[in-house]
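First up is the structure itself, then whatever we jot down about it.
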Amino acid sequence: AALAEMPDVEKEADRILKQMSDYLDGLNKFSITSHSTIESVLDSGQKIMFDHYNTGAISRPDKLYFTRKGDAVDQSFYYDGKSFSMLSHPENLYATVDAPANISDTLTWAINQFDLTAPGADLIGKDSYDKLSNELISGFYVGKGIVDGVECHHLAFRNTEVDWQVWIQTGDQPLPKRYVVTSRWTTGSPQFNLEMTWNTQPDFSDDVFKFTAPEKAEKIELLSNTVSH
């Protein structure tokens, strides 16, 4: 039904994207390490690239932990099914607020409430296919490529706002290995690039999702735009 509304999306590209989403939906517990780069365009038109290294742990349906450290931010996020906490390490500031009852709703809520820019969030929540295929204009199978020594299907898509590409591991574990988003309507067409390593059999306890404020940390009110891009 979705494909019928997307006549310019090739069947093979749609099939592999759906296969990836179904596989991710079936994972109840996993961890991710990733390296992301995001381009910022100066008024002069010159691009500046910012790097971040990210680590995450997910236990569905209602537990998530992520830490992001790099050029622009050094932050950690905790979600235990009831509360969402953010810790900014350099300033030793933190905030805790009530959150929705599952990971997908919490991610959507955090993005909307705090203007959080998180392109990779579409790959973490349930029903990633619905989110990724929303408002698609076109999509096609580029071919096979290698990411971090792993053979992948390379797919390219376009929606109303951005062009995006995804490299999906071949075989019986169709995990996304690289995700690239290009902002078409922003001057300079800046890109976001995410390279991911997945562990589908992680060894962590629920303690990782529990937030405890560090010594001498100051509690603040989490307002819109508090979370760094």
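Sequence positions, counted from 1, serve as the residue numbers for this chain. Values in this document were obtained by computation on a predicted structure and should not be read as measured data.
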Using the side-chain hydrogen bond (donor to acceptor under 3.5 Å, both in side chains) rule, take Ser21 and Ser128 through it: C-alpha gap first, then chi angles, then the decisive distance, then the call.
CA-CA 6 Å; Ser21 176; Ser128 59; 3.0 Å; yes
How far does CZ of Phe204 sit from NZ of Lys29, to the nearest 0.5 angstrom?
5.0 Å
Would a hydrophobic clustering, with Ile, Leu, Val, Met, Phe, Trp and Tyr connected at side-chain separations under 4.5 Å, put Val180 with Ile16?
no
Check: His52 side chain, Ala72 main-chain N or O, donor-acceptor pair, under 3.5 Å
yes
Closest non-hydrogen contact found for Thr187 with Pro190 is O-CD, 3.8 Å
Following the transitive rule for hydrophobic clusters with a side-chain heavy-atom cut-off under 4.5 Å over Ile, Leu, Val, Met, Phe, Trp and Tyr, establish whether Tyr53 and Leu64 coincide in one cluster.
no
With no hydrogens and no angle check, is any side-chain donor or acceptor of Lys131 less than 3.5 Å from a backbone partner on Lys126?
yes
How long is the straight-line distance from OG of Ser40 back to CG of Asp71, given to the nearest 0.5 Å?
11.5 Å
Hydrophobic clustering (ILVMFWY, side-chain heavy atoms < 4.5 Å, transitive) - are Trp198 and Met20 grouped together?
yes
Surrounding CD of Glu218 (heavy atoms of other residues, nucleotides or ligands, distance under 6.0 Å), is the total greater than 12?
no
Hey, is NZ on Lys69 packed in by over 12 heavy atoms from elsewhere, all under 6.0 Å?
no
In sequence, state the C-alpha distance, the side-chain angles, and the governing distance for Ser36 and Asn54, and then conclude on side-chain hydrogen bond (donor to acceptor under 3.5 Å, both in side chains).
CA-CA 8 Å; Ser36 61; Asn54 318 287; 3.2 Å; yes
Single hit among Phe211, Tyr79, Phe209, Tyr78 for ring pair (Phe, Tyr, Trp, His ring centres under 6.0 Å) with Tyr65:
Tyr78
On a heavy-atom basis, the closest approach of Ile124 and Phe30 is O-CZ, 4.4 Å
Rounded distance (nearest 0.5 Å) linking atom OG1 of Thr106 with atom CD1 of Ile111
11.0 Å
For residues Val150 and Leu175, determine if any side-chain heavy atom of one lies less than 4.5 Å from a side-chain heavy atom of the other.
no
Does Asp203 have any salt bridge (Lys or Arg N to Asp or Glu O under 4.0 Å) partners at least two apart in sequence or in another chain, and if so, which?
none
Under 3.5 Å, which donor-acceptor pairs link side chains of residues 81-89 to any protein atom two or more places apart or in another chain?
from, atom 1, to, atom 2, distance (Å)
Ser85, OG, Thr96, OG1, 2.8
Ser88, OG, Glu91, OE1, 2.3
His89, NE2, Ser76, OG, 2.7

Hey, could you give me the CD1/CD1 distance between Ile58 and Ile32, rounded to the nearest 0.5 Å?
4.5 Å
Restricting to non-hydrogen atoms, name the atom on Leu107 and the atom on Ala121 that form the minimum distance, rounded to 0.1 Å.
CD1-O, 4.1 Å
Is any side-chain heavy atom of Leu132 closer than 4.5 Å to one of Leu123?
yes
Distance-only, no hydrogens or angles: does the Arg178 side chain make a donor-acceptor pair with backbone N or O of Asn193 under 3.5 Å?
no
Salt bridge (charged side-chain N to carboxylate O under 4.0 Å, His left out) between Asp22 and Lys18, intermediate numbers included:
CA-CA 6 Å; Asp22 289 345; Lys18 183 66 163 59; 2.9 Å; yes
With rounding to the nearest 0.5 Å, note down the distance linking CZ in Arg68 to OG1 in Thr55.
12.5 Å
Looking only at heavy atoms, which two atoms of Gln173 and Thr200 are closest? And how far apart?
NE2-OG1, 3.7 Å
Do Val208 and Tyr94 belong to the same hydrophobic cluster, where Ile, Leu, Val, Met, Phe, Trp and Tyr are linked whenever their side-chain heavy atoms lie under 4.5 Å apart, directly or via other members?
yes
Considering all heavy atoms, the nearest Ser138-Val9 contact:
C-CG2, 3.9 Å
With rounding to the nearest 0.5 angstrom, report the CD to CG distance, Gln169 to Asp148.
10.0 Å
Inspect the contact between Asp207 and Lys210 and indicate whether a charged nitrogen and a carboxylate oxygen are less than 4.0 angstrom apart.
yes
N/O donor-acceptor pairs under 3.5 Å from side chains in residues 151-168, not counting sequence neighbours:
from, atom 1, to, atom 2, distance (Å)
Glu151, OE1, Thr170, OG1, 3.0
His153, ND1, Tyr141, OH, 2.8
His154, NE2, Gln165, OE1, 2.8
Arg158, NE, Asp163, OD1, 2.5
Arg158, NH2, Asp163, OD1, 3.4
Arg158, NH2, Asp163, OD2, 2.9
Asn159, OD1, Glu161, N, 2.9
Asn159, OD1, Val162, N, 2.8
Thr160, OG1, Glu135, OE1, 3.1
Asp163, OD1, Arg184, NH1, 2.8

Should Ile146 and Met196 be regarded as members of a common hydrophobic cluster, given that ILVMFWY residues are connected when their side-chain heavy atoms come within less than 4.5 Å of each other, either directly or indirectly?
no
Heavy atoms only: give me the nearest Ser104-Asn102 pair and the separation to one decimal.
N-OD1, 3.2 Å
